[in-house]
J.: 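This structure is in structure tokens; I'll ask about it shortly.
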Amino acid sequence: MKCSGKTLAFKILLYAGLILQASIWIAPVFTLLATSLKSKKDFYSGLGLFNMPSHIAWENYMAVLKKGNMLSYMKNDAIICLLKVPLGIFLEAMAAFSLTRLRLRHRTGIFIFFIIGMMLPMQVALVPISIVYKKLNLFNTYFGLFYVYVAFGLSFGIMVLRGFFISIPRELDEAAYIDGCSKMQVFTKIILPVSKPAIATLVISDFLATWNEYMLASIIITKDEMKTIPTGILNFVGQYSTDYGGLCAGVLISLLPVLTVYLVFQKYFVAGMAGAIKQ
Amino acid sequence: MQSKHSEPAAILFLLPAGIIYVSAILFPIAYSLYLSLFTGSGINNWEFCGMQNYVKLLQDKVFLLSLRNSVIWMMLTLVFTTSFSLLLALILNRRFFGRTFFRGLFYFPTVIAMIAVAIIWRWIYHPNLGFINQFSKAVGLNFSQTWLSNPKSSLIACFVAAQWTAVGQPMILFLAGLQGISEDVIEAARIDGAKGLKLFFSITIPLLKNTFVVVLSTLMIGALKIFDIIVGLTDGGPNNASQVIASYMYSQTFEYSHWGYGASIACFMVLIMLIIIVPYVSFMARDT
């Protein structure tokens, strides 16, 4: 065994390093919070970031909620997520079911065909989507956003679910077929329930990707009342460019949903993200 | 296991995903490729110009600058993000008090939208009120400067801001990889006399091969796609100093309305991506 002096020195060094990094990691949130609680008067009097404000300016938060469109951005984002996440995963699961459990020619080829989309840049779809959406009047619609989000989620979802479905023993389906189940029943009553862990992973990663997507939303949504949080927040920052307290309060409010989800489901995030690349 | 014929149900189950995939991913790629041979914008006013866009592309100083910046970003990612997240994973794989807390803390920025990260870091870099310059004033060392509007520092400032959210994901992947290494292997190597760095480089690293493939390819692909953070922090400025290919494509298409030219930049991006994707996909599609 090593002498305890050396171990102790190592421990101190370890914690010092971790605490230093933790402070850097918290600094951005601290900056937001400290700025959001200062009143306009404090800024004019040149109060520094590390000074206590003359009073805690909760009114910044109230003003943002009353005046800004923050709640409407959240509503739009929630509607898109509620449409996209379950439907997208259902379609991905159907494709993965076909790729792993049904008699299919060129299954590896078809799988590769599907996962190539994961790596392609979304930029390549921007000009065609602008042209087609203009013709079909799909700008500023939930459907317009929903459709491309489902499409860009397919590759990752199919990859994760195929990986999971392969590991489910075939005896399960065979027993169900003998009991007289149809293929659709085997899919919905056997495979989907067994795959809860993989589906939980996908729900979380899909939710994050959809909730946070900026580029496609910035093209497809131009009306303020249809904007999701990432596009709305940029608009908001433009409007509040001189009201620092309000600006930081608004940004913090916009982070609340996603941070709450993270705190509640933290376990699944970490386990799921790692499981997604299980080999 | 390959089959001679497909059963109808197999096709039916694939169909919905297939239709959406083809119509919203593959068709746009083909259409972009076609449009890249035209100059024009909007719905009409398209004029065939052959390979002119690509010729122009290779002579476009700003494009070459943004390509260079994207390559710099990728190199920095491969060296810095990879080693930093591996280091964190190695530390957080040890047993000590507070380990779960630190894991959760270092991962949390990953869930925040990139565009929000950019807005937050604008505050960190703010010339008067930002954390960095205020901090430098508070500790009495004057290293404050205009981080984002200085062409020398703007790209690096964006990169540093991106690290806040970028290390969480590879850190978790490395942690999973490390947990997959059995204690017995490490113990056996120890008995054979491997220690410290030697143990790390000749046992741990080779056993993490699969994890490295996934981490490096996703980081490279992610680096080429980097967009939100640049748009939110500098919008490619000052004077294109922090422009990357994705943001340049976007600004050419939607700010300058050079749609055909934008499409040719997008196609060029696909070409670069394919160089990374093809080996990666063949790795992921192994049948086991």
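Residue numbers start from 1 in every chain, and the chains themselves are labelled A, B, ... in the order their sequence lines are given, proteins ahead of strands. What you are looking at is a predicted structure, and each value in this text was computed from that prediction instead of being measured.
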J.: Can you say whether the rings of A:Tyr15 and B:Phe102 are parallel (under 30°), tilted (30 to 60°) or perpendicular (over 60°)?
T.: tilted
J.: List the steps, then state whether side chain to side chain contact (heavy atoms under 4.5 Å, CB included) holds for A:Leu255 with B:Ile112.
T.: CA-CA 7 Å; A:Leu255 298 183; B:Ile112 298 173; 3.5 Å; yes
J.: Which atoms of A:Gln21 are under 4.5 Å from chain B, going by heavy atoms: the side chain, the backbone, both sets, or neither?
T.: both
J.: Is it the case that the side chain of B:Tyr21 and the backbone of A:Phe152 share a donor-acceptor pair, with hydrogens and angles ignored and the cut-off at 3.5 Å?
T.: no
J.: Looking only at heavy atoms, what is the nearest atom pair of A:Leu154 and B:Ala17, with distance?
T.: CD1-O, 3.4 Å
J.: Among residues 218-225 of chain B, which residues come closer than 4.5 Å to chain A, judged by heavy atom distances?
T.: B:Ile221, B:Lys225
J.: Identify which of B:Thr253, B:Ile91, B:Leu92, B:Thr110 forms the greatest number of heavy-atom pairs closer than 4.5 Å to chain A.
T.: B:Ile91
J.: With only heavy atoms counted, which part of A:Met184 is less than 4.5 Å from chain B, the side chain, the backbone, both or neither?
T.: both
J.: Counting C-beta onward and ignoring hydrogens, is there a side-chain heavy-atom pair between A:Val251 and B:Trp123 closer than 4.5 Å?
T.: no
J.: Determine whether a donor-acceptor pair (N or O, by modelled atom type, separation under 3.5 Å) exists between the side chain of A:Tyr262 and the backbone of B:Gly104.
T.: yes
J.: For A:Arg105, does its backbone N or O pair with a side-chain atom of B:Ser6 as donor and acceptor, under 3.5 Å?
T.: yes
J.: Could you look at B:Ile119 and say if it's the side chain, the backbone, both or neither that has a heavy atom under 4.5 Å from chain A?
T.: side chain
J.: Can you list every pair that meets side-chain hydrogen bond (donor to acceptor under 3.5 Å, both in side chains) and has a residue in residues 268-278 of chain B, with sequence neighbours left out?
T.: none
J.: Could you look at B:Phe135 and say if it's the side chain, the backbone, both or neither that has a heavy atom under 4.5 Å from chain A?
T.: both
J.: What I'd like to find out is whether the side chain of A:Phe114 reaches to under 4.5 Å of the side chain of B:Ile25, using heavy atoms alone.
T.: no
J.: So, do B:Leu12 and A:Met94 sit near enough that their side-chain heavy atoms are less than 4.5 Å apart?
T.: no
J.: Under 4.5 Å heavy-atom distance to chain A, tell me which part of B:Phe101 shows up: side chain, backbone, both or neither.
T.: neither
J.: Who among A:Phe97, A:Trp211, A:Phe30, A:Phe113 has the most heavy-atom pairs with chain B under 4.5 Å?
T.: A:Phe113
J.: With only heavy atoms counted, which part of B:Val215 is less than 4.5 Å from chain A, the side chain, the backbone, both or neither?
T.: neither
J.: Flag the pair B:Trp164 / A:Ile24 as yes when at least one side-chain heavy-atom distance between them is below 4.5 Å, and no otherwise.
T.: no
J.: So what's closer than 4.5 Å to chain A heavy atoms on B:Tyr125: side chain, backbone, both or neither?
T.: neither
J.: Of the backbone (N, CA, C, O) and the side chain (C-beta and beyond), which part of B:Leu33 lies under 4.5 Å from a heavy atom of chain A, both, or neither?
T.: neither
J.: I'd like to check the side-chain hydrogen bond (donor to acceptor under 3.5 Å, both in side chains) partners of B:Gln163; sequence neighbours left out, ordered by chain and number.
T.: B:Thr81
J.: Heavy-atom distance under 4.5 Å between the side chains of B:Phe108 and A:Leu263, does that happen here?
T.: no
J.: Is there a side chain to side chain contact (heavy atoms under 4.5 Å, CB included) between B:Arg122 and A:Val237? Walk through the geometry before answering.
T.: CA-CA 11 Å; B:Arg122 264 199 220 163; A:Val237 168; 3.5 Å; yes
J.: Going by salt bridge (Lys or Arg N to Asp or Glu O under 4.0 Å), name the residues that satisfy it together with A:Lys227, two or more places apart in sequence or in a different chain.
T.: none
J.: With a 4.5 angstrom heavy-atom cut-off, which part of B:Ala138 approaches chain A: side chain, backbone, both or neither?
T.: side chain
J.: Based on non-hydrogen pairs under 4.5 Å, which of A:Ala95, A:Pro121, A:Ala96 is most in contact with chain B?
T.: A:Pro121
J.: Does A:Ser130 reach the side chain of B:Trp259, with side-chain heavy atoms less than 4.5 Å apart?
T.: yes
J.: Please state whether the side chain, the backbone, both or neither of B:Val231 comes within less than 4.5 Å of a heavy atom of chain A.
T.: side chain
J.: Side chain to side chain contact (heavy atoms under 4.5 Å, CB included), that's the test. Do A:Tyr147 and B:Ser23 meet it? Break it down for me.
T.: CA-CA 10 Å; A:Tyr147 195 76; B:Ser23 65; 2.6 Å; yes
J.: Can you confirm whether or not the ring centre of A:Phe187 sits under 6.0 Å from the ring centre of B:Phe13?
T.: yes
J.: Measure across B:Tyr31 and A:Pro128 and return the closest heavy-atom pair with its distance rounded to 0.1 Å.
T.: CD2-CB, 3.5 Å
J.: Kindly indicate whether the side chain of A:Met215, heavy atoms from C-beta on, has any atom under 4.5 Å from the side chain of B:Tyr250.
T.: yes
J.: Are the side chain of A:Thr31 and the backbone N or O of B:Phe131 linked by a donor-acceptor pair below 3.5 Å?
T.: no
J.: If you look at every heavy atom in A:Arg103 and B:Ala10, which pair is closest and at what distance?
T.: O-CB, 3.4 Å
J.: Of the backbone (N, CA, C, O) and the side chain (C-beta and beyond), which part of B:Phe227 lies under 4.5 Å from a heavy atom of chain A, both, or neither?
T.: side chain
J.: Carefully, step by step, assess B:Met249 and A:Val127 under the rule side chain to side chain contact (heavy atoms under 4.5 Å, CB included).
T.: CA-CA 10 Å; B:Met249 182 271 162; A:Val127 175; 4.2 Å; yes
J.: Who wins among A:Val258, A:Ile233, A:Leu120, A:Leu91 for the most heavy-atom pairs under 4.5 Å with chain B?
T.: A:Leu120
J.: Which bit of B:Phe96 comes within less than 4.5 Å of chain A, counting heavy atoms only: side chain, backbone, both or neither?
T.: both
J.: Report yes if the side chains of B:Pro28 and A:Val124 come closer than 4.5 Å at any heavy-atom pair, otherwise no.
T.: no
J.: Are the side chain of A:Asn212 and the backbone N or O of B:Val111 linked by a donor-acceptor pair below 3.5 Å?
T.: yes
J.: Using a cut-off of under 4.5 Å on heavy-atom pairs, state which of A:Trp25, A:Tyr244, A:Tyr214, A:Phe207 scores highest against chain B.
T.: A:Trp25
J.: If we ignore hydrogens and angles and just use 3.5 Å, is the side chain of A:Gln123 paired with the main-chain N or O of B:Ala266 as donor and acceptor?
T.: no
J.: Which residue out of A:Val150, A:Leu247, A:Leu252, A:Val148 racks up the most heavy-atom pairs below 4.5 Å with chain B?
T.: A:Leu247
J.: What heavy-atom pair brings B:Leu14 and A:Ser98 nearest, and what distance separates the two atoms?
T.: CG-OG, 3.5 Å
